[in-house]
Chemist: 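Structure in structure tokens, see below.
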Amino acid sequence: MDDKIKNSNQRLKIIYLYKILLERTDESHIITMPEIISQLELYGITAARKALYEDIEALKTYGLDIISTRGNNSGYYVASREFELPELKLLADAVTSSRFLTEKKSRELLKKIEGLSSIYDGKQIQRQVFVADRVKAMNEKIYLSVDTIHRAIAERKQISFKYFDYDINKKKKYRDGIRICSPYALTWDDERYYLVAHYEKYPDKLTNFRVDRMESVEVIDVPAHEMPKDFNLSVYLNSTFSMFSGEAQDVKLRFDNSLINPVIDRFGKDITIIPDGDEHFTVRVKIKAESPFFGWLFQFGTKVQIVEPMEL
């Protein structure tokens with residue numbers, strides 16, 4: 001090997017040692033000193049034991065949680081990491097089940113998640129995850145749109161974009177014109193990203209856009225329309241079923257006591273619950289009385305009643 005390249009590799013010795021320990025060790029897999037020397041040689045690096053002892057101590061001082069073992073199984077392993085295996089599995093499941101990510105992007109992210117663990121734990125993540133045949137987004141650039149929208153929100157600027165639907169041949173059908181809106185918040189509902197925004201076409205209410213149906217999203221150098229002072233994202237989301245846009249109204253509902261869990265799941269623990277006799281309770285909620293709301297309500301049959309307003 002050229003002396004110049006060899007010397008350059010030697011300078012990287014502690015970095016490759018860090019990489020080897022993270023990739024090839026965990027609580028169930030130690031690495032011996034001869035194995036460390038052998039692995040370093042694969043990177044064109046020669047190292048004496050004494051120098052490696054000093055490097056390991058330096059990595060400990062840096063903060064890497066290296067445990068030394070003695071006896072018949074003497075060696076080293078990394079005991080804790082920034083992300084533990086259960087956390088990585090949780091992230092992997094979230095990526096796999098996220099409909100707004102395409103299958104290609106899901107696989108790319110899963111590969112990166114595997115890289116945060118040892119090669120042994122990475123195999124567990126691979127076995128756990130199954131991406132194929134799940135309903136995934138077809139818009140490959142959605143994650144770029146999300147990043148652009150976040151930037152616009154932070155800079156309080158408007159955005160422009162093209163919005164589309166699919167026809168019966170699964171082809172994109174773009175709606176007329178370029179849409180311009182003031183983005184207020186990104187939210188997650190029914191495994192999809194939605195943008196909550198002020199849209200000039202409907203100036204008296206908030207509008208929701210499916211982010212996976214947005215294309216060519218750009219920040220424009222125009223100040224965003226001021227967010228309503230009483231805007232509360234949690235309250236807004238609790239009033240929304242399936243992210244339908246529309247006017248919310250006050251509604252009084254009467255439920256059988258057996259439905260307390262789905263009511264709390266839907267409206268949150270902060271909702272005021274008023275007993276109504278021994279077997280029922282009532283709640284007042286601000287909701288958008290659209291088809292998704294009635295779909296949710298009708299699943300409970302005669303165990304629920306709309307009390308007010310009468311026209312509803």
Chemist: Can you tell whether the side chains of Arg24 and Glu35 come within less than 4.0 Å, N to carboxylate O?
Modeler: no
Chemist: With the threshold set at 4.0 Å, does a side-chain nitrogen-carboxylate oxygen contact exist between Arg175 and Asp165?
Modeler: yes
Chemist: Looking at Ile67, Ile36, Thr25, which one forms a side chain to side chain contact (heavy atoms under 4.5 Å, CB included) with Tyr76?
Modeler: Ile36
Chemist: How far apart are the closest heavy atoms of Ile180 and Gln158, and which atoms are they?
Modeler: CG2-OE1, 3.0 Å
Chemist: How about Glu215 and Lys172: do any of their side-chain heavy atoms sit closer than 4.5 Å?
Modeler: yes
Chemist: Which heavy atom of Met214 sits nearest a heavy atom of Phe164, and at what distance?
Modeler: N-CE2, 4.2 Å
Chemist: Is there a side-chain contact between Val95 and Lys105, using heavy atoms and a 4.5 Å cut-off?
Modeler: no
Chemist: Calculate, to the nearest 0.5 Å, the distance between atoms NZ and CD1 belonging to Lys252 and Ile274 respectively.
Modeler: 7.0 Å
Chemist: Do you know which two heavy atoms are closest between Gln249 and Pro309, and how far apart they sit?
Modeler: OE1-CG, 3.7 Å
Chemist: Are Val219 and Ile178 joined in one hydrophobic group, where the rule is that I, L, V, M, F, W and Y side chains link up if heavy atoms are under 4.5 Å apart?
Modeler: no
Chemist: Looking only at heavy atoms, what is the nearest atom pair of Ala152 and Ile159, with distance?
Modeler: CB-CG2, 3.3 Å
Chemist: Between Phe298 and Phe294, how do the two ring planes meet: parallel, tilted or perpendicular, split at 30° and 60°?
Modeler: tilted
Chemist: Take the angle between the ring planes of Phe281 and Phe255 and call it parallel below 30°, perpendicular above 60°, tilted in between.
Modeler: parallel
Chemist: Measure the shortest side-chain to side-chain distance between Met227 and Pro183 over non-hydrogen atoms and say whether it is less than 4.5 angstrom.
Modeler: no
Chemist: Anything under 30° is parallel, anything over 60° is perpendicular, the rest tilted; go ahead and classify Tyr184 against His198.
Modeler: tilted
Chemist: Cation-pi check, Lys205 to Tyr202: give yes when NZ or CZ is under 6.0 Å from the six-membered ring centre and within 45° of the ring axis, no otherwise.
Modeler: yes
Chemist: A side-chain contact here means heavy atoms from C-beta on lying under 4.5 Å apart; do Tyr193 and Ile149 qualify?
Modeler: no
Chemist: What is the distance from atom CG of Leu116 to atom CZ of Arg81, rounded to the nearest 0.5 Å?
Modeler: 9.5 Å
Chemist: Quick one: are Ser118 and Leu22 in side-chain contact, heavy atoms under 4.5 Å?
Modeler: no
Chemist: Is a salt bridge present between Lys60 and Glu57, judged by a nitrogen-to-oxygen distance below 4.0 Å?
Modeler: yes
Chemist: Could you go through the side-chain hydrogen bond (donor to acceptor under 3.5 Å, both in side chains) check for Asp26 and His29 one step at a time?
Modeler: CA-CA 5 Å; Asp26 54 37; His29 301 86; 2.8 Å; yes
Chemist: Given the rule in the side chain to side chain contact (heavy atoms under 4.5 Å, CB included) test, do Tyr18 and Leu64 qualify, once you have shown the distances and angles that lead to the verdict?
Modeler: CA-CA 8 Å; Tyr18 180 84; Leu64 190 60; 3.7 Å; yes
